[in-house]
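All remarks here apply to the structure that follows.
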Amino acid sequence: MALSTTPDSGPPSRLSPPDTTSGGPRMTPRLYGTLLVLCGALFLDGLDVSMVGVALPSIQADLGLSNSALQWIVSGYVLGYGGLLLLGGRAADLLGRRRVFLWAIGVFAVASLLGGLVDDPNLLIGTRFIKGVAAAFTAPAGLSIITTTFHEGPARNRALSFYTACGASGFSMGLILGGLLTEAGWRWTFLLPAPIALLILITGIKLIPRHRTERPSGAGYDLGGAATSTAALLLLVYAVVQAPNVGWASGRTLGSFALVAALIAAFVAIERRVAHPLVRLGILRNRTLVRANLGALAVTGSYIGFQFIGTLYVQVVLGWSPLEMALAFLPAGLIVAFGGPRTGALVNRFGTAPVVAGGFVAFLAAYLLFLRIGGEARYFSVILPTMLLLGAGFALAFPTLNIQATSGVADEEQGLASGLVQTAFQIGGAIALAGVTAILASDAPLPGQVPDSFYPAIGLVSGIAVFGLVIAAIGLLGRRSRHRDTVTTDEAASDYRQVELQRIGRRAA
């Protein structure tokens, strides 16, 4: 019997046993409650990001911030989030997922409260950075709690579909709440997440179970790897965010990228020699995981870049209010909220590769359709269809990439796998946004006039979507024929896990 090391390569063969959750937990009220707590944390992340985004013009007017300073209210969060996700994922594996999740959500609550009370712009940016750091620990910890609680297969796919849909729902609701709260005062967009985070913390203490075997036997702490990887990610995000302002070819930017390369080289050297690495490089032999991370780069890279273009178009060119913009973008969020939880059923039937490919087809169609924008609003012929396609793309690709990234990974490394894919999501958004900002910098939009720079910027996000589609197509081409004698999805995943556990055991010995 042929063995496959790509457990997502396709739907189970007809030789597969019936769909069960054998080896997984029975769905009790407490388990449902645990899932809701974890979903609440991701919902809160999306809610916070979108509310603050809507409030940015009011913050700028009230505090007298320059455009570059205003950018750091967003970039400060991305810097903390993207820079420490990898460390957050491994910390969850080593220190305990429950402990890391609860401490981080508590820090998020305190930082939210402080952000709504301070007047100094530097302190405000500082609280955003701290919230990003907290999210960098809650996101991989929450995802790895799900992947180690639910048996791999239909049960986990359903849980992850619901989980990721909650994040998109939070983002959509944040657009509406951000528009409403900004009318009362932008500080409310910072204060509202505090009680929500506190509620998640209290319920999490009561409901999230303790796992005695979370910490791998004999695991150590790779301080050198933690220092070099965190420094490399922080510097990369910082360099990319600053590049449009100081110049991509400036000595500062090039020097930063050179230092990032040196830090990455040092990190790889450390991981190859240390007894208990922060990132066991052998995990990258899982081609499914690698494709999932590249797909994650493309999903958020294209969408975040497009959202920046769409916001300028709707609010500046068309002159719509933040609330009107939120309502215009709402259909995409509704599709993700109601369609995302059903994605798991598609994955169970077709495998992850076709579903991801379908998502990127929808993304690409949406971006190409948006090239038809003009100085006058064409909501029903351009904007609404674009939002519907974006919603379909996100509902298909986002939860499926999370499923794909954690398939066939041993429980001892679920935090690492979760951290890797979440890092890819954040880095992709930061890089693409910097590229779009650089293109648009030369041609400011005016009411009723679409700048010429909008079209190459849309072309850039379309190109990123094409890249994602190509990666998904590679996964499709690599699938084994359904007519060949192959093991089932669960058997292949078990085989892969056994091989990886043997490698971990040999290294620990």
Would you call L327 and E324 a side-chain contact if the rule is heavy atoms closer than 4.5 Å?
no
Answer yes or no: are there more than 12 heavy-atom neighbours, outside Y313 itself, under 6.0 Å from its atom OH?
yes
Can you find a pair of side-chain heavy atoms, one from R342 and one from S161, that are under 4.5 Å apart?
no
Do the ring centers of F306 and F370 come within less than 6.0 Å of each other?
yes
For residues F360 and F467, establish whether the separation of their ring centroids is below 6.0 Å.
no
Return yes when atom CZ of F338 has more than 12 non-hydrogen atoms of other residues, nucleotides or ligands closer than 6.0 Å, and no otherwise.
no
For salt bridge (Lys or Arg N to Asp or Glu O under 4.0 Å), just list the numbers for K131 and D45, CA-CA rounded to whole Å, side-chain angles, deciding distance to a tenth of an Å, and then say yes or no.
CA-CA 9 Å; K131 290 176 75 169; D45 286 345; over 6 Å; no
I need the minimum non-hydrogen distance between L396 and G358, along with the two atoms involved.
CD1-C, 3.9 Å
Listed by chain and number, what are the ring-ring contact (aromatic ring centres under 6.0 Å, His included) partners of F394, not counting sequence neighbours?
Y303, F363, F398
Test your reading of the model: is there a side-chain donor-acceptor pair from R97 to the backbone of G89, 3.5 Å cut-off?
no
Go through N293 and F425 one step at a time and tell me if the side chain to side chain contact (heavy atoms under 4.5 Å, CB included) criterion holds.
CA-CA 8 Å; N293 279 268; F425 279 125; over 6 Å; no
Heavy atoms of L102 and G204 approach each other most closely as CD2-C, 3.8 Å
Heavy atoms of A266 and T228 approach each other most closely as CB-CG2, 4.3 Å
Do you know which of T147, I146, L143 makes side-chain contact (heavy atoms from CB on, under 4.5 Å) with N402?
L143
Tell me which one of V317, L440, V436 satisfies side-chain contact (heavy atoms from CB on, under 4.5 Å) with L312.
L440
Residues two or more places apart in sequence or in another chain: which of them pass ring-ring contact (aromatic ring centres under 6.0 Å, His included) with F267?
none
Taking only residues two or more places apart in sequence, or in another chain, which ones meet Y238 in a ring-ring contact (aromatic ring centres under 6.0 Å, His included)?
W72
Beyond-backbone contact of M51 with F190, side-chain heavy atoms, under 4.5 angstrom
no
Whether R128 and D48 form a salt bridge (side-chain N of Lys/Arg under 4.0 Å from carboxylate O of Asp/Glu) is what I want to check.
yes
Main-chain N/O of G340 paired to T343 side chain as donor or acceptor, under 3.5 Å:
yes
Would you sort out whether F257 and L235 count as a side chain to side chain contact (heavy atoms under 4.5 Å, CB included), showing the intermediate values?
CA-CA 8 Å; F257 285 142; L235 184 57; over 6 Å; no
Going by distance alone, is a donor N or O of one side chain under 3.5 Å from an acceptor N or O of the other, for S250 and T253?
yes
Under the criterion side chain to side chain contact (heavy atoms under 4.5 Å, CB included), I'd like the reasoning laid out for I403 against R156: C-alpha separation, chi angles, the key distance, then a yes or no.
CA-CA 8 Å; I403 293 170; R156 183 189 292 180; over 6 Å; no
If you compare all heavy atoms of A395 against all heavy atoms of I335, which two are closest, and at what distance to 0.1 Å?
CB-O, 4.2 Å
Could you walk me through whether I304 and V461 pass side chain to side chain contact (heavy atoms under 4.5 Å, CB included), step by step?
CA-CA 9 Å; I304 295 298; V461 299; over 6 Å; no
Any side-chain heavy atom of L36 sitting closer than 4.5 Å to one from F162?
yes
Residue pair I270 / P277, side-chain heavy-atom distance below 4.5 Å:
no
Look at the side chain of R378 and the backbone N and O of R372, then say whether any donor-acceptor pair between them is shorter than 3.5 Å.
yes
Check: F129 ring centre within less than 6.0 Å of Y77 ring centre
no
Side-chain donor or acceptor of Q426 paired with backbone N/O of Y81 under 3.5 Å:
no
When you look at CH2 of W320, are more than 12 heavy atoms from neighbouring residues, nucleotides or ligands closer to it than 6.0 Å?
yes
